[in-house]
Amino acid sequence: MKQIRVVIVGGGFAAVQFAKTLRTKLPASECEILLFNRENHMVFHPLLADVAGASINVDAAAAPLRQMLPGVGCRTERVQRIDLSSSEIEFDDGNGALTLLHYDHLVIACGAESNLGIIPGMSDHAFPFKVMRDAIDLRQHIVRQMEFAEAATDPDGRRWHLSFIIVGAGFSGVEVAGEINELVRSSTRFYRNFRKDDAVVTLVHSQDQILPEVAPRLRDFAGKKMEKAGITMALNTRAVAATREGVELNNGRMLRGATVVCTIGTATSPIVQALDVPKERGRVRTTPEMRIEGQTNAWAIGDCAYIINAFDNKPSPTTGQFAERQGRQAALNLVRILKGETTKPFQFKALGQLCSIGGYQAVAEMLGVHISGFLAWLLWRGVYLFKLPTWSRRIKVALDWAWDVLFPRDLSFLNTDSAQSLTHEYYRPGDFIYRKGDLARGLSIIEEGEVEVLETAEHSSELKVIGVLGKGDFFGEAGLLGNRPHEKSVRARTPVRLAQIGSALFSQLAGSFAPIRELLFKTLTRRSGDFWRRLPLAKSLLEGESLATLIDPLPASLLTKETTLQDAVKALNESATGQLLVLDEKQRLWATFDRDGLYRVIEQIAVTPTDTQGDISQSKLGELLPGNPVYLALDDATLVASATMLDHGISWLPIVRSKDDLRPVGRLRGDRISRRLMEKLTHQQADHAQIGG
Ligand SMILES: Cc1cc2nc3c(=O)[nH]c(=O)nc-3n(C[C@H](O)[C@H](O)[C@H](O)COP(=O)(O)OP(=O)(O)OC[C@H]3O[C@@H](n4cnc5c(N)ncnc54)[C@H](O)[C@@H]3O)c2cc1C
């Protein structure tokens with residue numbers, strides 16, 4: 001019999017069980033099995049929370065695929081593309097080169113990806129909780145927060161470091177909240193500066209009870225036990241934004257905390273997304289035997305597949321238990337096909353559910369029996385211990401676990417320096433990015449939104465806006481270059497996303513790369529001490545001058561994101577001022593378009609490869625312009641407008657109704673401000689002359 005090649009994409013519960021079963025049924029001479037997984041180990045997701053809580057070592061939750069799967073070719077390359085029509089996959093060899101590989105049968109078992117992008121700021125400030133790296137990073141971060149809390153002199157700061165927010169109270173949210181709570185509270189005896197009660201662990205959940213997947217009695221037990229252990233439940237609430245400060249809830253409350261873990265939000269894996277096959281909510285639809293609908297030699301199993309369970313005619317849930325059974329039954333079906341036998345539909349009665357809730361407690365529902373407490377916890381650990389490959393590993397892990405029950409958790413951490421890194425941050429309108437007097441943390445570059453620069457008015461604590469910065473602008477350089485606290489405050493004016501270059505990384509860049517250094521010093525000179533201080537007469541003349549009296553009406557033609565470049569250039573040529581506005585679908589300001597903008601578009605076209613250009617004149621502005629321009633609102637001061645134009649080297653600004661209503665109302669030209677200045681100066685001199693005469 002000719003040897004066939006079976007390629008498996010993924011190395012989780014489903015893939016491993018598939019490979020194991022197939023290997024036992026077909027000898028290597030008849031079937032080559034190649035399994036591609038991004039990591040060389042399989043992750044036991046249910047144990048990730050224990051890794052984060054330092055109650056087990058990493059090796060207990062990660063099993064090396066090679067040792068688990070003798071006789072299977074295990075590859076750590078990432079599969080980039082699947083071509084179902086030619087029965088080929090394309091994988092990345094790790095150095096950027098792509099290799100094509102033919103298969104006779106393909107099994108897609110690539111799971112799902114975590115997706116924190118569903119809530120503003122989550123991807124910048126929260127820990128995802130899906131892969132081993134997430135659990136290791138989270139553990140490092142928690143221990144570091146305890147060190148910071150020990151060193152903190154201000155009680156608010158200490159409380160912030162000791163506050164942990166977990167979004168989502170399904171299995172993973174509950175498990176990780178329980179473990180964090182246990183780690184922090186059981187470790188307080190090693191610190192002098194805080195006590196058990198200083199730790200705040202909050203579980204945010206959109207429903208009225210945690211663990212919606214388990215029986216009500218167990219759910220109640222879990223909830224009560226967790227509350228007794230000190231965990232706060234924020235039920236019937238949703239997280240609507242995450243910032244450096246914490247999490248904003250839909251009831252307007254801000255939960256402050258230095259650690260946010262987001263256990264909700266999944267996304268379809270990119271290779272599945274790219275497949276042109278029937279899907280249900282991003283999952284690949286399969287036939288009852290688990291072949292992809294419309295395919296004869298391609299299968300889908302596990303979290304990435306939409307498989308109807310013949311036991312109850314319902315879609316299979318995305319759990320490890322189901323993924324494993326699908327792996328086993330799909331492999332048996334493939335063997336049946338190869339032998340010319342009839343396949344069987346996927347059918348499975350769930351055995352039960354297990355969930356650890358921290359503090360050596362768990363809830364379990366096994367074959368209809370409900371167990372909770374320490375016994376359930378032992379059962380939970382026992383089940384996962386049994387799933388580990390090889391007896392040597394099981395014994396090692398069992399000894400580790402016994403050790404961890406008897407002795408305190410490991411509080412060591414690797415000191416990674418945030419001053420050396422590039423991070424991203426999200427701020428809501430009104431949030432301070434820093435205040436006057438704060439120490440400089442890094443250079444901030446605006447990726448989206450606008451900020452306002454504020455200074456404290458003389459002889460009062462009132463803050464005055466002295467400038468507005470938008471997308472592509474940077475700030476914070478003065479404190480870094482001068483190595484002194486910030487002299488001004490900066491506040492988000494709209495939702496803002498920043499890229500933050502850590503202070504040490506910034507010093508390296510500014511010290512070794514001359515063009516950056518020059519740009520920074522130029523900006524610093526321009527901004528230093530605010531130029532109004534050097535122009536007291538102009539400042540006094542413009543003070544109190546309302547923007548509304550100076551603005552020009554909207555241009556005759558308003559462009560939209562759908563306007564073609566050809567039509568936009570025509571409108572530009574017909575416009576008296578050459579200052580056009582581009583609106584989005586909701587009639588809000590989206591971009592500006594003038595001759596400068598046109599030249600930038602032309603430059604951009606020049607560097608775009610010709611074969612992808614097509615007829616560029618028919619391209620839409622939405623694809624060509626960057627969007628997110630600097631603008632001012634009607635109630636802004638003329639002084640701010642003038643400073644903003646000078647800072648950006650621009651001669652006009654679009655004006656919108658208000659910071660919350662971005663529908664444009666007009667334009668402000670720099671020459672209008674200069675003219676008003678001259679008028680006021682002439683009047684003032686005439687007045688002085690009269691008084692003098
Ligand atoms: C924190 C947490 C706790 C959980 N607790 C439980 C629990 O208690 N009980 C339970 O039943 N379920 C639990 N689950 C759910 C369970 O882990 C999943 O349902 C299960 O892992 C799905 O298995 P899978 O094989 O489909 O995918 P996964 O286990 O996610 O494996 C997919 C693999 O494919 C790899 N991959 C993806 N794309 C590519 C590519 N292009 N090339 C190469 N490799 C690729 C990934 O790296 C990954 O290793 C939990 C999940 C999490 C995140």
Side-chain angles (χ1 to χ4, degrees), residues 7-19 34-53 61-63 65 74-82 89-92 94 107-114 127-135 138 166 168 170-177 179 211 213-214 261-275 283-284 300-307 316-328 330 348 350-357 362-365 380-381 383-384 387:
V7 168
I8 306 168
V9 185
F13 286 93
V16 165
Q17 205 53 47
F18 183 96
L34 285 179
L35 179 144
F36 286 82
N37 193 48
R38 288 187 298 224
E39 303 85 25
N40 81 342
H41 56 262
M42 170 188 165
V43 180
F44 282 90
H45 291 121
L47 293 178
L48 276 189
D50 292 52
V51 173
L65 289 165
C74 295
R75 311 277 297 250
T76 42
E77 294 100 323
R78 176 192 279 259
V79 174
Q80 297 286 13
R81 199 174 59 85
I82 294 170
I89 60 158
E90 197 168 34
F91 61 89
D92 184 339
V107 183
I108 305 176
C110 58
E113 309 276 325
S114 56
F127 284 86
F129 205 61
K130 177 86 181 150
V131 296
M132 190 52 80
R133 182 83 255 158
D134 301 336
L138 178 59
I166 293 90
F171 277 106
S172 47
V174 163
E175 285 172 359
V176 78
E179 279 298 319
L211 286 175
E213 305 91 341
V214 307
V261 186
C262 185
T263 63
I264 56 170
T266 50
T268 311
S269 146
I271 49 167
V272 169
Q273 243 173 51
L275 278 184
R283 291 158 71 192
V284 177
I301 49 176
D303 281 7
C304 69
Y306 184 82
I307 301 169
S316 304
T318 50
T319 65
Q321 210 182 120
F322 271 80
E324 265 191 354
R325 288 306 162 124
Q326 289 163 0
R328 186 179 151 69
F348 176 54
L351 300 172
Q353 277 157 333
L354 287 159
C355 180
S356 144
I357 56 173
V363 291
E365 196 182 350
W380 177 79
R381 282 267 168 116
V383 167
Y384 289 108
K387 284 181 187 287

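Every number for a ligand or one of its atoms is a count from 1 in the order of the listing. Position 1 is the first residue of the sequence, and the numbers go up from there.
- For atom 31 (O) of ligand 1, the closest heavy atom belonging to the protein is Gly12 CA, 3.4 Å.
- Considering backbone and side-chain N/O of Val79, one or more are found under 3.5 Å from N/O of ligand 1.
- Ranking protein heavy atoms by distance to atom 27 (O) of ligand 1, first place goes to Gly111 CA, 3.5 Å.
- Contacts between Glu39 and ligand 1, counted as non-hydrogen atom pairs separated by less than 4.0 Å, involve the side chain only.
- The pair Arg38-Glu113 meets the salt-bridge criterion, with a side-chain N (NZ, NE, NH1 or NH2) lying under 4.0 Å from an Asp/Glu carboxylate O.
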Start with the C-alpha gap between Arg81 and Ile89, add the side-chain angles, then the distance that decides, and say whether side chain to side chain contact (heavy atoms under 4.5 Å, CB included) holds.
CA-CA 6 Å; Arg81 199 174 59 85; Ile89 60 158; over 6 Å; no
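- Atom 7 (C) of ligand 1 has Pro46 CG, 3.6 Å as its closest protein atom, hydrogens excluded (heavy atom only).
- Within ligand 1, counting atoms from 1 as listed, the ones closer than 4.0 Å to a heavy atom of Gly302 are 26 (O).
- Taking the six-membered ring where the residue is Trp, Phe322 and Phe348 present perpendicular rings, their angle passing 60° and hence far from 30°.
- Here the CD1-CD distance, from Ile307 to Gln326, works out to 3.5 Å after rounding to the nearest 0.5 Å.
- Comparing Tyr384, Phe36, Phe44 against atom 9 (N) of ligand 1, the shortest heavy-atom distance belongs to Tyr384.
- At a threshold of 4.0 Å, the pair Arg283-Asp303 does not count as salt-bridged, since none of the basic side-chain nitrogens sits closer than that to a carboxylate oxygen.
- Considering backbone and side-chain N/O atoms, Arg38 comes within less than 3.5 Å of an N/O atom of ligand 1.
- At the shortest separation from atom 37 (C) of ligand 1 among protein heavy atoms lies Cys110 O, 3.3 Å.
- Across all their heavy atoms, Ser269 and Gly111 have their closest contact at CB-O, 4.2 Å.
- For ligand 1, the atoms sitting less than 4.0 Å from at least one non-hydrogen atom of Lys130 are 30 (O), numbered in the order shown with element in parentheses.
- For the pair Ser172 and ligand 1, the shortest N or O to N or O distance does not fall below 3.5 Å.
- The nearest heavy-atom contact from the protein to atom 34 (O) of ligand 1 is Gly10 CA, 3.2 Å.
- Annotation for ligand 1: atoms under 4.0 Å from non-hydrogen atoms of Gly11 are 33 (C), 34 (O).
- Annotation for ligand 1: atoms under 4.0 Å from non-hydrogen atoms of Ala14 are 25 (O).
- Counting the atoms of ligand 1 from 1 in the order shown, those under 4.0 Å from a heavy atom of Asp303 are 18 (C), 19 (O), 20 (C), 22 (C), 26 (O).
- Inter-residue side-chain proximity for Leu47 and Trp380 is flagged as met; some heavy-atom pair is nearer than 4.5 Å.
- Of the listed options Ser269, Ala323, Gly320, Gly320 places a heavy atom closest to atom 15 (C) of ligand 1.
- In this structure, the protein non-hydrogen atom closest to atom 49 (O) of ligand 1 is Asn37 OD1, 2.8 Å.
- Every atom of ligand 1 with a heavy atom of Gln321 under 4.0 Å away is listed here by number and element: 11 (O).
- Summarising the geometry of Gly11 relative to Val16, their closest heavy-atom pair is O-CG2, 3.8 Å, with the distance given to 0.1 Å.
- Looking at every heavy atom in both residues, Asn37 comes nearest to Gly10 through OD1-C, 3.5 Å.
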Carefully, step by step, assess Asn40 and Cys74 under the rule side chain to side chain contact (heavy atoms under 4.5 Å, CB included).
CA-CA 8 Å; Asn40 81 342; Cys74 295; over 6 Å; no
Steps toward side chain to side chain contact (heavy atoms under 4.5 Å, CB included) verdict (Val79, Glu90):
CA-CA 6 Å; Val79 174; Glu90 197 168 34; over 6 Å; no
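- Of the protein's non-hydrogen atoms, Phe13 CD1, 3.6 Å is the one closest to atom 20 (C) of ligand 1.
- Nearest protein heavy-atom neighbour of atom 3 (C) of ligand 1: His45 O, 3.5 Å.
- Close contacts between ligand 1 and Ala109 involve ligand atoms 32 (C), 34 (O) [criterion: under 4.0 Å to a heavy atom].
- Classified by interplanar angle (parallel below 30°, tilted 30° to 60°, perpendicular above 60°), the ring pair His45/Phe13 is tilted.
- Contact check for Asp134 versus Leu48: no side-chain heavy atoms found under the 4.5 Å cut-off.
- At a heavy-atom distance under 4.0 Å, no atom of Phe91 approaches ligand 1.
- Taking only nitrogen or oxygen atoms, main chain and side chain alike, Ala15 does not reach within less than 3.5 Å of ligand 1.
- Near Phe129, the atoms of ligand 1 lying under 4.0 angstrom from a non-hydrogen atom of the residue are 1 (C), 53 (C).
- Atom CZ of Arg328 has 12 or fewer neighbouring heavy atoms from other residues, nucleotides or ligands inside a 6.0 Å radius.
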